[in-house]
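Remember, it's 1-based here, ligands and their atoms both numbered in the order they're listed. Heads up: numbering here begins at 1 and tracks the sequence. Note that the coordinates shown come from a computational prediction; the quantities given were computed from them, not determined experimentally.
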Amino acid sequence: MNRRQWLSTFAAALPALASAPAVQRRGNPPQAAPAVLDLKDFQPRSMLQVASTRVPRARFPVIDFHTHLGFRAGRLAVGQGEEMRFPAPPAELLQVMDRVNLRTMVNLTGGVGSGLQQSIQRYQTPHPDRFITFAEPRWSEANRPTYAKDQADDIERAAKLGARGVKVLKTLGLYLREQITTGPLVAIDDRRFDPMWEACAANRLPVAIHIGDPSAFFLPIDRFNERFEELNNHPDWSFYGRDFPSNRQLLDARNRVFARHPKTTFVALHVGHNAENLGDVSESLDRYPNMHVEMGARVGELGRQPRTARRFFDRYQDRILFGTDAIPHGNETPQQVFGEALYEIYFRFLETEDEYFDYAPAPTPPQGRWRIYGIGLPEAILRKVYNENAVRVTGIPSIPA
Ligand SMILES: [Zn+2]
């Protein structure tokens, strides 16, 4: 008999006492809770009392391999023109960088042509050890007859301008079409890009490649979708139905590119675009020695499978690069807002064994309602993930310990 049953028996046996305030409170008083609560209003606070470690500074200097310090017009679909928009000046970024021990930011979306030149001049030229810049392909010209060669030449020009790599957005595979914005989707392994991948190898530019998206983005936006709230807020992020390939088809096409260009170094962003399935990412890493991975915006996925993630970091410690996908003032996606709060979450995940903490600085977990666990990496692996692997991949001078 539990306490409540005992009390109700006791109260029934002693009706006079049952009306006494002390007993009444322990009965089953009517509650003021709403009968129905909107999911968006549900913000449960964990009652778990466990260790909470502050990690305001990384233990070793960090290279963030995945940031966005500039944007081209129409960036989510197919980038047009060369004009750039920059959300923050270097001085503002440097203040945060110094506080959290962030030595270097890799600005992946450096743009093309004169836009690329602007990106380099704004960040990299005045602070060469703090910012490096990646160039982007000219997707909006992919239907021109001379594109294959022109794009390869453009990669060489970008290298001469000072770009340290090339960024491939998910434009390739999910947005770029035969007539740029109309017609059938262009395949990731389309032959017209072969000279570009080879030019990247010839100019020693690693390719940071983003293919596909979280598995849930390829499923119906319904009550079974683990990222229902996120997709409900951003229905245009869904790749379910219409003429979109499956995530598997996208990954297979990507793998054919890795196989066909073994001299090109690829960094598959977002944990190889398949953070929900580290077994599959491992298979690809085993098969393609030219593949690396980066962890931006997937600390929520890695941290909800801490034992599998820890084994993954042990096994591929030489091929995992630190990254966040940070965007200065990127308030639309709380898991990517550049700042101290974001970096502390990544450092806590990598450096501590804290349990059940938020993966994004937000009142509600924005990429699915769960929390994460730290994997407490040893120092030797931390150094590799924080900077040594990125130094090797980008060819920048190594960072003094
Ligand atoms: Zn990104």
Side-chain angles (χ1 to χ4, degrees), residues 62-79 84-88 93 102 104-112 115-116 119 123 131-137 139 163-176 188 205-215 217 227 230 234 236-237 239 247 250-251 254 266-276 281 291-302 320-339 342-343 345-346 359-362 366-367 390 393-394:
V62 169
I63 297 175
D64 187 341
F65 186 78
H66 189 165
T67 73
H68 299 283
L69 304 183
F71 294 103
R72 294 169 69 189
R75 72 182 168 98
L76 261 186
V78 180
M84 296 296 291
R85 173 173 70 76
F86 299 105
L93 304 173
L102 177 53
T104 303
M105 290 178 85
V106 179
N107 174 20
L108 291 183
T109 37
V112 302
L116 175 64
S119 295
Y123 298 104
F131 299 102
I132 65 175
T133 314
F134 275 35
E136 294 176 83
W139 303 121
R164 305 303 300 243
V166 171
K167 167 74 195 277
V168 172
L169 292 166
K170 63 189 171 191
T171 303
L172 181 59
L174 287 168
Y175 294 103
L176 179 65
I188 292 163
L205 300 181
V207 179
I209 185 166
H210 175 178
I211 294 301
D213 249 344
S215 318
F217 288 14
R227 295 172 75 145
E230 185 182 24
H234 307 274
D236 55 314
W237 291 2
F239 297 110
N247 213 20
L250 294 166
L251 293 169
R254 175 206 72 179
F266 291 94
V267 181
L269 303 175
H270 306 302
V271 197
H273 346 292
N274 205 5
E276 299 91 329
V281 180
M291 172 182 172
H292 297 67
V293 297
E294 171 277 342
M295 59 187 286
R298 294 297 179 273
V299 71
E301 297 298 337
L302 295 168
I320 302 172
L321 279 63
F322 180 92
T324 58
D325 207 357
I327 303 174
H329 310 291
N331 300 326
E332 198 198 334
T333 44
Q335 66 274 16
Q336 292 174 252
V337 182
F338 174 80
L342 183 68
Y343 284 101
I345 290 167
Y346 279 73
Y359 61 77
Q367 297 172 289
V393 163
T394 57

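A donor atom on one side chain and an acceptor atom on the other are not found under 3.5 Å apart for Y346 and D64.
Taking the six-membered ring where the residue is Trp, H68 and H66 present perpendicular rings, their angle passing 60° and hence far from 30°. Ring geometry for F86 against Y123 counts as perpendicular: the plane angle is over 60°, on a 0 to 90° scale with 30° as the lower cut.
Counting only heavy atoms from C-beta outward, the side chains of L342 and V337 never approach each other to under 4.5 Å.
Taking 2.8 Å as the threshold, H68 counts as a candidate ligand of the Zn ion (ligand 1), since one of its N, O or S atoms lies below it. For the Zn ion (ligand 1), the N/O/S atoms of H66 include one lying under 2.8 Å.
Note on D325: its N/O/S atom closest to the Zn ion (ligand 1) is OD1.
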